[in-house]
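Remarks on the structure that follows.
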Amino acid sequence: MNSLEPDPGAGPVESSGQSNFVRDIIIEDINAGKHEGRVQTRFPPEPNGYLHIGHAKAIYIDFELAAEFGGKCNLRFDDTNPSKEETQYVDSIMEDIRWLGYEWDGLFYASDYFGQLYEWAVQLTKAGKAYVCDLSADEIRAYRGTLTEPGRESPYRNRSIEENLDLFERMKNGEFPDGSRTLRAKIDMASPNLNMRDPVMYRILHMEHHRTGDQWCIYPMYDYAHGQSDSIEKVTHSICTLEFEDHRPLYNWFIENLGIFPSRQIEFNRLNLTYTLLSKRRLLTLVREGHVKGWDDPRMPTLSGLRRRGYTPEAIRNLCANAGVSKTNNIMQLSLLEYFLREDLNKCAPRVMAVLRPLRVVIDNYPDDTVEEVEAVNNPEDERCGTRRVPFSKVLYIEQDDFREDPPRKYYRLAPGREVRLRYGYFITCKDFVKDADGRVVELHCTYDPATRGGNAPDGRKVKSTIHWVSAAHAVDCEVLLYDNLFTKENPNEVEEGQDFTANLNPNSLEILRGCKVEPGLQTAAVGALYQFERMGYFCVDRDSTPEKLVFNRTIGLRDTWARIEQRDKR
RNA sequence: GGGCCAGUAGCUCAGAUGUAUAGAGCGCCCGCCUUUGAAGCGGGAGGCCGCAGGUUGAAGCCCUGCCUGGCCCGCCA
């Protein structure tokens, strides 16, 4: 991405590359000389949960836009509600942002500004623009009115400035119990925008804060804290999601009435994905009710879950780059994320052979005690990755699905009398098969053609397919976890009356395969390492894997044209 | 019922200040290639530009009305 440095002497900055309306606003501002051409954004998570792929879009926009225009992007934790926030979330959020590939300029907390925010609240009170209200939460709601009816003014709205000042100070000093009083902005109880009907600025909460401890017993509300925090940091473009559109008038009201640096809030549409839930609350339900194994379960759309599953930051960033920054509601197809994942993994994942559902093959005419080593390419997409040697012997395992007793039309793999190529090995022909008492094929007897070593026939004869294999005596056993969508519906929230989203959980989202066979080189694979199991998909070593008990997660399967042909023929 | 926002291919988005056959990526279909039925390469089919009026020589872009969808009545963010 080219960087467009603000340079007043170089003429107007022009839009290049893919544009979006936020970027256009920034370019306009630079060209108009606003803030001397300076651009500054921020990513403002609340440390009350784990980041998910929806947050990745915001991170991408905030950091990339700042970088493109030579500006700064701060990380600021929006920690104004001690009842929900914890240090562990702060740590995981920082880890996830870095993993995605971004580094913040300044690290701040809204709680850094509690002192300043308090002074400003006093200032607004002195100006007659804020008052202490003794109404209870229920009463405030009742007085607020409804969408169609104006609210009524609080009976405490017209207290004297002196009394307000005194009461507010005593709120701060802890003289009143939780919920007994609030500080409210005096705006307009008849405003069609509910946010403007004398919003609460401060509430009383005798609760330990993860950073300020017991220093405060009154805490600012989001609306009173966010804009001013932006302003203090001199954020020029405060980019947030659409649900805050209604809050913008209030955001501006505080800044204007305080006469402070005018940060500008701009709202964009959030990211949504098919078959995926992106709501912290619902994700928390999945964890609490045990539908998944934790926040980093590989089926979760959290960044930690995606990371454990084997997703790459590059794939996620590409999805974000492709997600439009606009104001339309959207649901992106999960398959698009998968496309970017495969695109990235195809370039970087070493190839390896692994048999997930083993079928024993005996090569009858191969010498009993011979072990050969055949040379295999590590990554056809990248010559620098070189080659490796893989042991070959008389008894092998192949994939159960690569043999059919009675092959359907267009099935190219092994069947009685058929010849196929063992990748990097030999051509083999199926001569016989053995069934167990249940009628399942448990062993194949084949012959090989010694002239085809390495996989080429000197007589130029062709085979219709190449299959993967592993030498039985040398293979390493492992467990493989196969994942599917967590939900069966594109929109998991679409349910029948009386049900909730858990009704759409996919009962088959996890399949555990034991006794899988991988080539010996994988014995020492490092946790997190990514591989392509040839013809099967991309897999990564799970966090819980050890050399004694290898565990792989299937990150994503390969595109499978055959499966689709078969599906279609069934219909 | 009130306010705010949005409505261009199956999906996500582009379409300066109105001007000729409305573009892209992904998906889909068809070929080619292939020691991964992967990857790669080539081609193709998809669009009452939400609807209806109006302004104009000319409208996806401007105006009006309507329809549809999203958000808003936490001392959450």
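In what follows, chains are A, B, ... by sequence order, proteins preceding strands, each numbered from 1. Just so we're clear, the structure is a prediction, and the values are computed from it rather than from any experiment.
To the nearest angstrom, C1' of G27(B) lies 12 Å from CG of N322(A). Rounding to whole angstrom units, CD of residue E519(A) and P of U36(B) are separated by 16 Å. U17(B) atom P lies 11 Å from atom CG of D24(A), rounded to whole Å. Distance, L558(A) CG to U36(B) C1': 7 Å, rounded to whole Å. Atoms CD (E243(A)) and C1' (C76(B)) sit 12 Å apart, rounded to a whole Å. In this structure, the CZ atom of R535(A) is 15 Å from the C1' atom of A39(B), given to the nearest Å. Atom P of nucleotide U36(B) and atom CH2 of W469(A) are separated by 15 Å, given to the nearest angstrom. One can place CG of D178(A) at 10 Å from C1' of C75(B), the figure rounded to the nearest angstrom.
For H468(A) against A38(B), a side-chain-to-base donor-acceptor contact under 3.5 Å is absent. The base of G37(B) is paired with the side chain of R413(A) by a donor and an acceptor separated by under 3.5 Å.
Residue V325(A) is classed as a sugar-phosphate contact, given heavy-atom separations below 4.0 Å to backbone atoms only. R421(A) comes within 4.0 angstrom of a base, heavy atoms only. The residue S326(A) sits close only to the backbone: its heavy atoms come under 4.0 Å of sugar-phosphate atoms, none of a base. In this structure, S191(A) reaches neither bases nor backbone, as no heavy-atom distance under 4.0 Å exists between it and the strands shown. Within 4.0 Å (heavy atoms only), E267(A) reaches no atom of the nucleic acid at all. As judged by a 4.0 angstrom heavy-atom cut-off over every strand, E46(A) is placed among residues touching the sugar-phosphate backbone only. Across all strands, P150(A) comes closer than 4.0 Å to no nucleic acid atom at all (heavy-atom distances). Heavy atoms of F77(A) sit nowhere under 4.0 angstrom from any nucleic acid atom. Counting non-hydrogen atoms under 4.0 angstrom, K464(A) reaches nothing in the nucleic acid. Among the heavy atoms of the strands lying under 4.0 Å from T561(A) are primed sugar atoms or P, OP1, OP2 only; no base atom is included. Residue contacts for L273(A): at a heavy-atom cut-off of 4.0 Å it reaches no nucleic acid atom on any strand shown. Residue contacts for Y202(A): at a heavy-atom cut-off of 4.0 Å it reaches no nucleic acid atom on any strand shown. Residue contacts shown for M221(A) are limited to sugar-phosphate atoms, with no base heavy atom under 4.0 Å away. Among the protein residues, G151(A) comes within range of no part of the nucleic acid, since none of its heavy atoms lies under 4.0 Å from any strand.
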TODO: Going 5' to 3' through nucleotides 4-11 of chain B, assign each nucleotide B (protein heavy atom under 4.0 Å from a base atom), S (under 4.0 Å only from sugar-phosphate atoms) or - (no protein heavy atom that close).
DONE: -SSS--BS
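Side chains of D230(A) and Y251(A): a donor-acceptor N/O pair is present below 3.5 angstrom, by distance only. Side-chain atoms of K57(A) and N269(A) form a donor-acceptor pair, as typed in the model, at a separation below 3.5 Å. Defined by atom type and a distance below 3.5 Å, a donor-acceptor pair is missing between the side-chain atoms of S191(A) and N193(A). Side chains of E46(A) and N48(A): a donor on one and an acceptor on the other come within 3.5 Å. Donor-acceptor pairing under 3.5 Å is lacking for the side chains of N330(A) and R270(A). Side-chain contact, Q228(A) with S231(A): no donor N or O sits under 3.5 Å from an acceptor N or O. Side-chain atoms of T312(A) and E314(A) include no donor-acceptor pair closer than 3.5 Å.
OP1 and OP2 of A38(B) both lie 4.0 Å or more from every side-chain N or O belonging to R342(A). A sub-4.0 Å separation between OP1 or OP2 of A39(B) and a side-chain N or O of R351(A) is absent. Between N272(A) and G70(B), a side-chain N or O to OP1/OP2 separation shorter than 4.0 Å is absent. Note on Y339(A): a side-chain N or O is less than 4.0 Å away from OP1 or OP2 of C26(B). Applying the 4.0 Å criterion to OP1 and OP2 of C28(B), one finds that R564(A) has a side-chain N or O inside that range.
Comparing C72(B), G74(B), C75(B) by their closest approach to the side chain of A137(A) singles out C75(B). Of the candidates C73(B), C76(B), C13(B), C73(B) carries the atom nearest the L147(A) side chain, counting heavy atoms from C-beta on.
Glycosidic torsion of G74(B) falls within 90° of 0, placing the base in syn. Taking syn as a glycosidic angle within 90° of 0, G54(B) does not qualify and is anti.
Positionally, the nearest nucleotide of RNA chain B for S335(A) lies more toward the 5' end than for the other of S335(A) and Y412(A). Nearest-nucleotide assignment on RNA chain B puts the 5′-proximal partner with G324(A), out of G324(A) and T452(A).
For the pair D198(A) and R157(A), the salt-bridge criterion is met [side-chain N within less than 4.0 Å of a carboxylate O]. Checked for salt-bridge contact, D112(A) and R211(A) meet the test: a charged N lies under 4.0 Å from a carboxylate O.
Here Y222(A) does not pack flat against the base of A77(B), since the 5.5 angstrom centre distance and 30 degree tilt limits are not both met.
Listed by chain and residue number, R453(A) satisfy the salt bridge (Lys or Arg N to Asp or Glu O under 4.0 Å) test with E372(A) (two or more places apart in sequence, or in another chain).
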Task: Watson-Crick and G-U pairing of RNA chain B written in dot-bracket, each distance under 3.5 angstrom, with | for inter-strand partners - done: .((((((..((((.........)))).(((((.......))))).....(((((.......))))))))))).....
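Residue Y202(A) forms a ring-ring contact (aromatic ring centres under 6.0 Å, His included) with just one option from F168(A), F114(A), Y219(A), and that option is F168(A).
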Task: Stepwise side chain to side chain donor-acceptor pair (under 3.5 Å) check, T387(A) with E375(A) - done: CA-CA 6 Å; T387(A) 61; E375(A) 188 167 48; 2.9 Å; yes
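Counting heavy atoms of neighbouring residues, nucleotides and ligands inside a 6.0 Å radius, atom CG of L334(A) exceeds 12 of them.
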